[in-house]
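Chain letters run A, B, ... following the sequence lines, proteins first, then strands; residues in each count from 1. Computed from a prediction, not measured in an experiment: that's the story for all the values here.
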Amino acid sequence: MDDEYVESVLSLVERIPPGRAMAYGAVAEVVGARLGRGGPRQVGAVMAAFGASVPWWRVVTASGRLPPGREVAALRELVAEGTPLVTDGTRVDMRHASWRPSADHEH
DNA sequence: ACCTTGACCTTGG
DNA sequence: CCCAAGGCCAAGG
């Protein structure tokens, strides 16, 4: 993974609005459409290494599971910004929270 | 080149 | 809801 890929992922994550979320796979699709490479696992790798500098808690699994090892911290942020959660309150309700960047404002 | 390892995803039982 | 299997992409040994 080069800097271009890392930057692409991080800048996208920064654009996810509070109260919304994106799955690793969704991030991979958007970035992949631009750079022609990378999958969900690459996004996960970027988040693991550099996620600290962005709102990492807004990136979850396709089923709404929180990042391994950071569940507590993530939940605190998610609740604070009113992100839709499933009934048990342990996962994000991706049906309502899922966000995708609007087509405009590409570079 | 082969195998293993991941903040993954989808499907099927 | 949990688990296993297969598919996935890239890095590292």
message: Quick test of your reading of the model: are A/E29 and A/R100 salt-bridged, counting only N-O distances below 4.0 Å?
response: yes

task: Could you tell me whether A/E77 and A/R58 have a side-chain N and a carboxylate O separated by less than 4.0 Å?
output: no

Starting at atom [atom1] of [X], determine the distance to atom [atom2] of [N], rounded to an integer number of angstrom.
| X | N | atom1 | atom2 | result |
| --- | --- | --- | --- | --- |
| A/D3 | C/dA10 | CG | P | 16 Å |
| A/M22 | B/dA7 | CE | C1' | 15 Å |
| A/M47 | B/dG6 | CE | C1' | 15 Å |
| A/L75 | B/dA7 | CG | C1' | 16 Å |
| A/M1 | C/dA11 | CE | C1' | 9 Å |
| A/W56 | B/dA7 | CH2 | C1' | 10 Å |
| A/Y24 | B/dC9 | OH | P | 8 Å |
| A/E29 | C/dC9 | CD | P | 13 Å |

Strand partner of B/dG6, provided both Watson-Crick or wobble distances fall under 3.5 Å: C/dC9

- prompt: Does B/dG12 pair with anything, Watson-Crick or G-U wobble, both distances under 3.5 Å, and if so, with which nucleotide?
  reply: C/dC3

field: Nearest-angstrom distance, P atom, C/dG6 to B/dA7
entry: 23 Å

- prompt: On a whole-Å scale, what distance lies between the P atoms belonging to C/dC8 and B/dG12?
  reply: 16 Å

pair [X]-[Y]: side-chain heavy atoms closer than 4.5 Å:
| X | Y | result |
| --- | --- | --- |
| A/M47 | A/V54 | yes |
| A/M22 | A/P101 | yes |
| A/R76 | A/E71 | no |

From [options], pick the nucleotide closest to the side chain of [X]?
| X | options | result |
| --- | --- | --- |
| A/P40 | C/dC9, B/dC8, B/dT10 | B/dC8 |
| A/R65 | C/dC2, B/dT10, C/dA10 | C/dC2 |
| A/T61 | B/dC9, C/dA10, B/dA7 | B/dC9 |
| A/R41 | B/dT10, B/dA7, C/dC8 | C/dC8 |

- request: Mind checking A/A45 for me? I need base, sugar-phosphate or nothing, with any heavy atom below 4.0 Å counting as a touch.
  value: nothing

message: Once you apply a heavy-atom cut-off of 4.0 Å, does A/A28 come out as touching a base, just sugar-phosphate, or nothing?
response: nothing

query: When you check the phosphate oxygens OP1 and OP2 of C/dC1, does a side-chain N or O of A/R91 lie under 4.0 Å from one of them?
result: yes

